[in-house]
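What follows is a set of notes on a single structure, which appears directly below.
No experiment lies behind these values; they were computed from the predicted model shown.
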Amino acid sequence: MLNLFLKDVKAGAIFLWAVVPLNMVAALQVSRSGAGFFWANVTCAALILVAVSMLEWKNEAEPFVHSLPVTRAMVVRARYVTAAAIGGLSLLVAATVGAARGLGLAAQGAPWPRWVSGDMALAFLLAFAVIAAVYLPCYFRWGFGKGNVAAALLLASGIIVSGIIGPAATGFPAFPVDGAAYGGVPPGRIPQGVAMLVGRVGLAAGAVMVLALAAGLLVVSAQVAVRACERQEF
């Protein structure tokens, strides 16, 4: 499985070397806005994940990969390892740019930006985990084209449904949340929900809960993706 992960890294090396600096430049441009920075970084991480699949699809590498002495489960799980690496790399970029922005503001006597914090790092990981958990099963079931469309529709539907039933189901008020504790938190159910969770239970307990939720989503998603991949014909 490690070799399959390294294959993903090598296949996307040229793209990654180009997109990571561009991600940092774009993040610096929008870093004055917590909302812009947070969601731009989530979007860029998602695009990198899609790009790895795109390169494999464009080069018609899937039949070759599945002809090797590896199981389809190994291929799927290796892609989840790739997704985890992409999430970690994107979080590192976010932390670097955010810290630079925070230090620049501190040097000017301004307060540290609220969106550069531990709970927003957790929110990023959870947001990316949700995207990966939806996208990868769709990709392994329907391929690159149809899988992208299916994933986009599912994510859009999830956003709409969460906006309608979220407050009643979770007990959290409708967003955006007012108040000093949540000022500067990017809009969206995930970042503001994580901010409120950490505000209630503390960063350590909140981290355990958010990371457990993200890991659980990916584990379930991986099982679905394995079954979907086993049904796909090449």
Side-chain angles (χ1 to χ4, degrees), residues 1-20 23 41-94 121-122 124-155 157-158 190 207-234:
M1 191 171 70
L2 177 59
N3 288 332
L4 291 170
F5 165 68
L6 294 176
K7 179 266 298 178
D8 287 343
V9 173
K10 292 177 181 178
I14 296 176
F15 181 82
L16 291 174
W17 281 114
V19 79
V20 170
N23 182 24
N41 204 50
V42 170
T43 301
C44 190
L47 289 177
I48 295 174
L49 178 60
V50 173
V52 173
S53 301
M54 179 192 70
L55 291 169
E56 190 170 88
W57 165 76
K58 185 176 181 181
N59 293 316
E60 298 182 350
E62 289 180 338
F64 171 74
V65 170
H66 289 291
S67 69
L68 297 174
V70 296
T71 65
R72 294 196 178 190
M74 292 172 63
V75 173
V76 171
R77 288 165 185 157
R79 186 59 54 84
Y80 277 81
V81 174
T82 300
I86 291 171
L89 177 63
S90 299
L91 181 59
L92 179 61
V93 171
L122 293 172
F124 168 80
L125 292 176
L126 181 57
F128 181 67
V130 170
I131 293 173
V134 172
Y135 171 72
L136 289 175
C138 292
Y139 168 73
F140 282 110
R141 178 62 184 91
W142 292 292
F144 183 75
K146 293 181 181 179
N148 287 355
V149 174
L153 291 174
L154 286 172
L155 288 169
S157 300
I190 291 178
V208 172
M209 296 171 68
V210 171
L211 293 177
L213 175 59
L217 286 173
L218 292 174
V219 168
V220 173
S221 172
Q223 296 299 319
V224 174
V226 168
R227 294 185 180 182
C229 185
E230 290 174 346
R231 296 173 58 186
Q232 190 176 8
E233 297 182 1
F234 299 98

Inter-residue atom distance Phe124.CZ - Asn41.CG, 0.5 Å rounding: 4.5 Å
Distance (rounded to the nearest 0.5 Å) between Arg141 CZ and Glu230 CD: 12.0 Å
Looking at side-chain heavy atoms only, is the closest gap between Val226 and Thr71 below 4.5 Å? no
So OG1 of Thr43 and CD1 of Ile48: to nearest 0.5 Å the spacing works out to 11.0 Å
Leu136 and Leu49: CA distance, side-chain angles, deciding distance, side chain to side chain contact (heavy atoms under 4.5 Å, CB included) verdict: CA-CA 9 Å; Leu136 289 175; Leu49 178 60; 4.3 Å; yes
Grab the two heavy atoms, one from Ala225 and one from Val76, that are nearest each other, plus how far apart they are. CB-CG1, 3.6 Å
When every non-hydrogen atom of Pro137 is compared with those of Ala228, the smallest separation belongs to O-CB, 4.0 Å
Worked verdict on Leu125 versus Val210 for side chain to side chain contact (heavy atoms under 4.5 Å, CB included): CA-CA 9 Å; Leu125 292 176; Val210 171; 5.8 Å; no
Begin from the C-alpha positions of Arg79 and Val52 and carry the test side chain to side chain contact (heavy atoms under 4.5 Å, CB included) through to its verdict. CA-CA 9 Å; Arg79 186 59 54 84; Val52 173; 4.0 Å; yes
Nearest heavy-atom approach of Leu91 to Ala121 is CD1-CB, 3.9 Å
Do the side chains of Leu126 and Leu217 get nearer than 4.5 Å, heavy atoms only? yes
Within this structure, what is the CZ-SG distance for the pair Phe128 and Cys44, rounded to the nearest 0.5 Å? 10.0 Å
Pairwise side-chain contact, Cys229 with Val75, heavy-atom cut-off 4.5 Å (strictly under): no
What's the shortest heavy-atom distance between Ala127 and Ile190, and which atoms? CA-CD1, 3.7 Å
Roughly how far apart are Asn148 CG and Tyr135 OH, rounded to 0.5 Å? 4.5 Å
Taken to the nearest 0.5 Å, the spacing of Leu47 CG from Ile86 CD1 works out to 10.5 Å
Shortest non-hydrogen contact between Ile131 and Ala46, atoms and distance: CG2-CB, 4.0 Å
Short side-chain to backbone donor-acceptor contact, Tyr80 and Ser221, under 3.5 Å: yes
